[in-house]
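For reference, the structure is listed below as structure tokens.
The residues of the chain are indexed from 1 along the displayed sequence. What you see below is based on every heavy atom in this structure, not just the backbone, and it leaves out hydrogens, waters and symmetry mates. This structure is a prediction, so every number in the text was calculated from the model and none was measured.
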Amino acid sequence: MTTQPSLSNWLSILALGLIWGGTFMVVAIALEGYGPLTVACARTSLGALALLVLMRAMRRPMPMFTPTMVKYLLIIGVLNTAIPFTLLSWGQQFVPSAFAGISMAILPLFVLPLAHVFTDEKMNLRNGLGVALGFTGALVLIGPGVLQIGTGMQPLGQIACILAALSYAISAIMTRRCPPIDPITMAALLLVVGACALIPAMLIVEGMPAATDHRTVVAIVLLGIVPTALAALIRVLIIRSAGAIFMTLVNYQVPIWSMIFGAIILNEDLPIRFFAALALILSGLLISQWNAFRKLLRSNAPL
């Protein structure tokens, strides 16, 4: 593994930030022609198919399906795909895509206290201050809308996006405790689990989807392939060549790109509190992950 990220590593981390940051814009476009469960189901099913093909092409090994392995794959699969994909798709019917993107920046801040409770990774005072600052940003992001539950769907849409980040965070803790498994294989199997959960739910609630206009069909296909199979491959390549610490840089990019795409392509109105919330959340993220960031700076220092 390299100790100093190369130019290709920097370009890859930029590409990953663009892909994941643009996902919320693509979801918003897909929702113009399909229901939220259909969007979540298509994204999961197409992603599972693409990753299974990729897994086969890369000759990735299948794990030993022990009872423990099966339990972890089922739980993580639901928490990492079915639940958050559905919550985000449903929530984005009522909130801007930029809001959904910024809410995902809270994910690492959820992970820290959960890891403190359920793993041997304990928080210190600096971590706690960073988490507190980040969650202050989350409150600013939601704004006074959380106090208006029952007066409209927007507050519920906001809460759905935040809960999606929490679901991702819980799945991240479960992933750390999961028995060893190839990362590409795991990503494929988790999407298979998510698809198995979402397909019957979609058929019962929204019925069999029909082709709509070209724009939304393209959005659905892109969701299934680019942010899943392609992004999973890029993520593995980055971690293998530049390390997991370098990979954390993507957390700072996703909300920024989601705001840029939302404003420029979808003409979304971005209130001032979005920018204030983003500054607070990213500052909290930087403080809480300062050790990792300092190691990254040292690894890029000139010899």
Side-chain angles (χ1 to χ4, degrees), residues 16 19-20 23-24 26-27 36-90 100 104 107-108 110-111 114-115 118-119 160-161 163-202 220-240 244 247 250-251 254:
L16 200 55
I19 290 170
W20 282 341
T23 298
F24 309 98
V26 182
V27 168
L37 271 174
T38 300
V39 172
C41 181
R43 176 182 179 183
T44 309
S45 302
L46 290 174
L49 180 61
L51 272 180
L52 287 172
V53 171
L54 179 63
M55 186 183 113
R56 176 77 174 178
M58 297 178 69
R59 298 183 179 179
R60 296 290 183 162
M62 291 292 285
M64 291 290 294
F65 288 107
T66 63
T68 300
M69 176 64 76
V70 171
K71 179 185 71 173
Y72 272 96
L73 289 176
L74 290 175
I75 296 174
I76 298 170
V78 172
L79 289 173
N80 192 64
T81 60
I83 291 177
F85 286 4
T86 301
L87 286 171
L88 285 170
S89 296
W90 187 85
M104 289 301 101
L107 195 162
F110 275 130
V111 171
L114 288 171
F118 295 107
T119 73
C161 292
L163 288 178
L166 177 59
S167 183
Y168 278 130
I170 296 172
S171 74
I173 298 301
M174 294 291 293
T175 300
R176 295 182 187 185
R177 301 168 65 93
C178 182
I181 180 175
D182 178 82
I184 294 291
T185 301
M186 184 176 191
L189 294 178
L190 294 182
L191 284 168
V192 169
V193 171
C196 291
L198 285 172
I199 288 173
M202 176 198 71
I220 284 280
V221 174
L222 286 177
L223 279 174
I225 297 175
V226 179
T228 49
L230 179 59
L233 179 60
I234 294 174
R235 179 179 178 274
V236 170
L237 292 176
I238 291 173
I239 292 175
R240 280 188 169 182
M247 180 65 200
V250 78
N251 296 329
V254 169

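To the nearest 0.5 angstrom, L16 atom CG is 10.5 Å from L237 atom CG. With rounding to the nearest 0.5 Å, the separation of CG in L107 from CD1 in I170 is 10.5 Å. Atom CG of L233 and atom OG1 of T228 lie 11.5 Å apart (nearest 0.5 Å). Atom CG in L163 sits 10.0 Å away from atom CH2 in W90 (nearest 0.5 Å). A distance of 8.5 Å separates CG in N251 from CH2 in W20, rounded to the nearest 0.5 Å. The OG atom of S171 sits 9.5 Å away from the CG atom of L166 when rounded to the nearest 0.5 Å.
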Evaluation steps, side chain to side chain contact (heavy atoms under 4.5 Å, CB included), between L223 and L46: CA-CA 8 Å; L223 279 174; L46 290 174; over 6 Å; no

Criterion side chain to side chain contact (heavy atoms under 4.5 Å, CB included) on T81 and V193, from CA distance to verdict: CA-CA 8 Å; T81 60; V193 171; 5.7 Å; no

Test side chain to side chain contact (heavy atoms under 4.5 Å, CB included) applied to I199 and S45, step by step: CA-CA 8 Å; I199 288 173; S45 302; 3.9 Å; yes

Side chain to side chain contact (heavy atoms under 4.5 Å, CB included) between R43 and V26, worked out: CA-CA 11 Å; R43 176 182 179 183; V26 182; over 6 Å; no

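The only member of L73, L74, I75 that meets side chain to side chain contact (heavy atoms under 4.5 Å, CB included) when paired with K71 is I75. Shown are L51, T175, N80; of these, the side chain to side chain contact (heavy atoms under 4.5 Å, CB included) with M186 is made only by T175.
L87 is not listed as a side-chain neighbour of C161, based on a closest heavy-atom distance of 4.5 Å or more. Put simply, the side chain of I19 reaches to within 4.5 Å of the side chain of I234, judged on heavy atoms.
Of all the heavy atoms in L88 and A100, the pair that sits closest is CD2-CB, 4.2 Å. Considering every non-hydrogen atom in both M55 and M62, the closest pair reads CE-SD, 3.1 Å. Taking both residues in full, the closest heavy atoms of A188 and L52 are given as CB-CD2, 4.0 Å, listed atom of the first, atom of the second, then distance. Taking all atoms of both residues into account, the shortest heavy-atom contact from A50 to G224 is CB-O, 4.5 Å. Closest of all the heavy-atom pairs between V39 and S89 is CG1-OG, 3.7 Å. In this structure, P63 and M69 approach most closely via the heavy-atom pair CB-CE, 4.1 Å.
The side-chain hydrogen bond (donor to acceptor under 3.5 Å, both in side chains) contacts involving residues 182-200 comprise R60-D182, D182-T185, where partners must be two or more places apart or lie in separate chains.
Checking side-chain atoms of R177 against main-chain N and O of F118 turns up a donor-acceptor pair under 3.5 Å. For S167 (side chain) and A164 (main-chain N/O), no donor-acceptor pair under 3.5 Å exists by modelled atom type.
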